[in-house]
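Just below is one structure, and these are the notes that go with it.
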Amino acid sequence: MNNKLLVVVTGPTAVGKTSLSIELAKHFNTVIISADSRQFYKQLNIAVAKPDQNQLKEVEHHYISFLDIADYYNVAQFETDVLQKLDEIFVEKDIAFLVGGSGLYIDAVCYGIDYFPDVPEDLRNSLNNIFEQKGIEELRKILKEKDPEYYNIVDKDNPQRLLRAIEVCLITGKPFSEQRLNEPKKRNFNIIKIALNMDRAVLNERISARVDEMLDAGLIDEAKELYKYKELNSLKTVGYRELFDYIDGKYTIEEAVEKIKTNTRRYAKRQVTWLKKDESYKWFSPEQKDEIIDYITLSL
RNA sequence: GGUACCGUAGCUCAGUCGGUAGAGCGUCGGACUGAAAAUCCGCAGGUCACUGGUUCAAUUCCAGUCGGUACCA
C-alpha cells in the first residue's frame, strides 16, 4: 500500500458530476478517469452528456471517446485498462479522480471482478437464437442442468443473467457459480468514494431541462446520423433508442422526447439504488464543494 | 338557450344487469460479476364530480347542480 489516493465521484445522471469533478481535479491539480460506459464511444456525444471541448481542455480526461461504437468492450477490460492507467498517473500524481455513473464499472476498478475467458461471438449469437426461438424456459432448463447452484439464486425472469451464466459454463466447462468468487481484490492505492445526490423532484426537473438542451444542441440530427448503427449495443442508450423509434414512425417527436425524459429518470433511479447498497460511499450535495474538498484533503 | 354524450387511480380508459372497483402508462421501491444509459422484479395509490331520492344496500337506477365535449340554434 502506498500513499496514493483514488477519489471516486459518482451519482445519478444530471446531478452535476462533470462540472464539479472538473473543479475538484483543478483544485488538486490532477486528472479525471471517466467511468461512464457510454462516454467511451467517440461517436456518441450529445445524448451521453459528454464534457464539451472546453471542459476537456481544462482538465486531462482519460477514457472518453476512445472507442468506436462498433468496438466490443466490457467491464473486465475496463478494470485492466484503468489499473494500468492509474499506475502511470501515480508516478507523477498522488491523487486521481474516477468520475462517472456506471456503478458496475466503478466497482470493477475498486473491488475487481472475477476472471472469465472472453465469449466467442458466435456462441453468444447462437444462445441468443435459442432464446428467441424457444423462449426463456429453455434457458432455465439449460442453466438448471449446467449449474443448479446458480440456478437457485439467479433471477429466472432475466434472460441476460441466464444467458451469461450459460455462456460461462459452456466456455469454461465448469459451473458459473464455482468461478464466481466475489472477493474484493487488494489495490495498491487508497480509495475514497463520494456520491452526489439531490432531492428527486429537483433532479427530475434537471433531467427534463437537460433533455430539452440536448434537443437544442442537435440531438435529433445526431440520432439520424447514428440510425444505421441502431442494432449495436453501444446504441442501446437512452436518448438514441427513443429517437430511432421516432424515425421509424413509432411515435411523434413529442412522445419520443417524453420517453427520453422518463427513461432518463428511471436510469437515475437505478443508479441511486445501486449506490445506496454500497455503504462505503460518502454522500454529498453537488453544492458542497468546500466540504468535499475538506473531506478529500483529510484523506490525503 | 336546446339536444346528446361524458365526469372512475397522477394520466388514458375498462367495469359493476345494484352487494363500496380493474388495466396500461407514470410515480415510488428493489435486484443485478464481461450487454450495465443494459436487463429484470415488486408495492402503493380511488368519499367511482357534487347534492338529494328510490332501495336492506347506490359508483351503478332517478332528479337536480356544477364542469367538459359535440351538434343544433
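Reminder, nothing fancy here: chain letters follow the sequence lines and each chain counts from 1. This one's a predicted model, so the numbers in the text were calculated from it and none came from an experiment.
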Partner nucleotide, any strand, of C11(B) [Watson-Crick/G-U, under 3.5 Å]:
G24(B)
Touch check for Lys269(A), heavy atoms < 4.0 angstrom, all strands: base, sugar-phosphate only, or nothing?
base
Does CD belonging to Glu88(A) count more than 12 external heavy atoms closer than 6.0 Å?
yes
Assess the pair Tyr63(A) and Phe40(A): is the distance between their ring centroids shorter than 6.0 Å?
no
Output the rounded distance in Å from CG (Leu67(A)) to C1' (A35(B)).
14 Å
Value in whole Å for how far the P atom of G26(B) lies from CG of Asn204(A)
13 Å
Heavy atoms under 4.0 Å, any strand shown: does Leu181(A) hit a base, just sugar-phosphate, or nothing?
base
If pairing requires Watson-Crick or G-U wobble contacts with both distances under 3.5 Å, which nucleotide is the partner of C71(B)?
G2(B)
For Tyr229(A), look at atom OH and say whether over 12 heavy atoms of other residues, nucleotides or ligands are found less than 6.0 Å away.
no
Test item: Thr13(A) and Val238(A) side chains (from C-beta on) under 4.5 Å apart, heavy atoms:
no
C11(B) and G18(B): how far apart are their P atoms, nearest whole angstrom?
29 Å
Got a sec: does the NZ of Lys144(A) have more than 12 other heavy atoms crowding it under 6.0 Å?
no
Tell me which nucleotide, if any, is Watson-Crick or G-U wobble paired with G18(B) when both distances must be under 3.5 Å.
none
Other residues, nucleotides, ligands: >12 heavy atoms within 6.0 Å of Lys141(A) NZ
no
Is Tyr72(A) close enough to A35(B) that one of its side-chain N or O atoms is under 4.0 Å from OP1 or OP2 there?
yes
Let me know the distance between CZ of Phe40(A) and P of G34(B), rounded to the nearest Å.
15 Å
By the Watson-Crick or G-U definition, both distances under 3.5 Å, C61(B) is matched with G53(B)
Taken to the nearest whole Å, CZ/Arg265(A) to P/G26(B) is 9 Å
Can you tell me the pairing partner of U39(B) across any strand shown, Watson-Crick or G-U wobble, with both distances under 3.5 angstrom?
A31(B)
Using the C1' atom in both, what is the distance from U69(B) to C28(B), to the nearest Å?
34 Å
Nearest-Å distance, CD (Glu79(A)) to C1' (U33(B))?
10 Å
Glu258(A) atom CD is separated from U12(B) atom P, nearest whole Å, by 14 Å
Under 4.0 Å from OP1 or OP2 of G29(B): is there any side-chain N or O of Arg200(A) that close?
yes
Taking only the C1' atom of each, what is the distance from A31(B) to U12(B) in whole angstrom?
30 Å
Testing G26(B), A31(B), G34(B) for proximity to the side chain of Thr262(A), the answer is G26(B)
Touch class at under 4.0 angstrom, heavy-atom based, for Tyr111(A) against every strand present
nothing
Interatomic distance at C1', C25(B) relative to A14(B), whole Å:
14 Å
Report the base-pairing partner of C48(B) (Watson-Crick or G-U wobble, both distances below 3.5 angstrom), or none.
none
On RNA chain B, check which nucleotide each of Gly112(A) and Val272(A) is closest to and give me the residue with the more 5' one.
Val272(A)
Within a strict 4.5 Å, meaning less than it, do heavy atoms of the Lys42(A) and Asp68(A) side chains meet?
yes
Find the distance Glu231(A):CD to A35(B):C1' and express it as a whole number of Å.
14 Å
Can you confirm whether more than 12 heavy atoms, excluding those of Lys146(A), are under 6.0 Å from its NZ atom?
no
With a 4.5 Å heavy-atom cut-off, do Phe97(A) and Ile296(A) have their side chains touching?
yes
What does Lys259(A) touch in the nucleic acid at a heavy-atom separation under 4.0 angstrom: a base, only the sugar-phosphate, or nothing?
nothing
Can you tell me how far C1' in G19(B) sits from the matching atom in U60(B), rounded to whole Å?
11 Å
Same-atom distance (P) from U8(B) to G68(B), integer angstrom
14 Å
A21(B) versus C6(B) - spacing of their P atoms, nearest Å:
23 Å
Would you mind calling G30(B) syn or anti? Take O4'-C1'-N9-C4 for purines or O4'-C1'-N1-C2 for pyrimidines, and syn is within 90° of 0.
anti
G26(B) P sits how many Å from Tyr251(A) OH, rounded?
11 Å
Gap in Å between the two P atoms, one belonging to C5(B) and one to C61(B), rounded:
12 Å
In terms of the angle between their ring planes, are Phe116(A) and Phe176(A) parallel, tilted or perpendicular, with boundaries placed at 30° and 60°?
tilted
What does the B/S/- profile of nucleotides 36-44 of chain B look like, 5' to 3', with a 4.0 Å heavy-atom cutoff to protein?
BBBBBS---
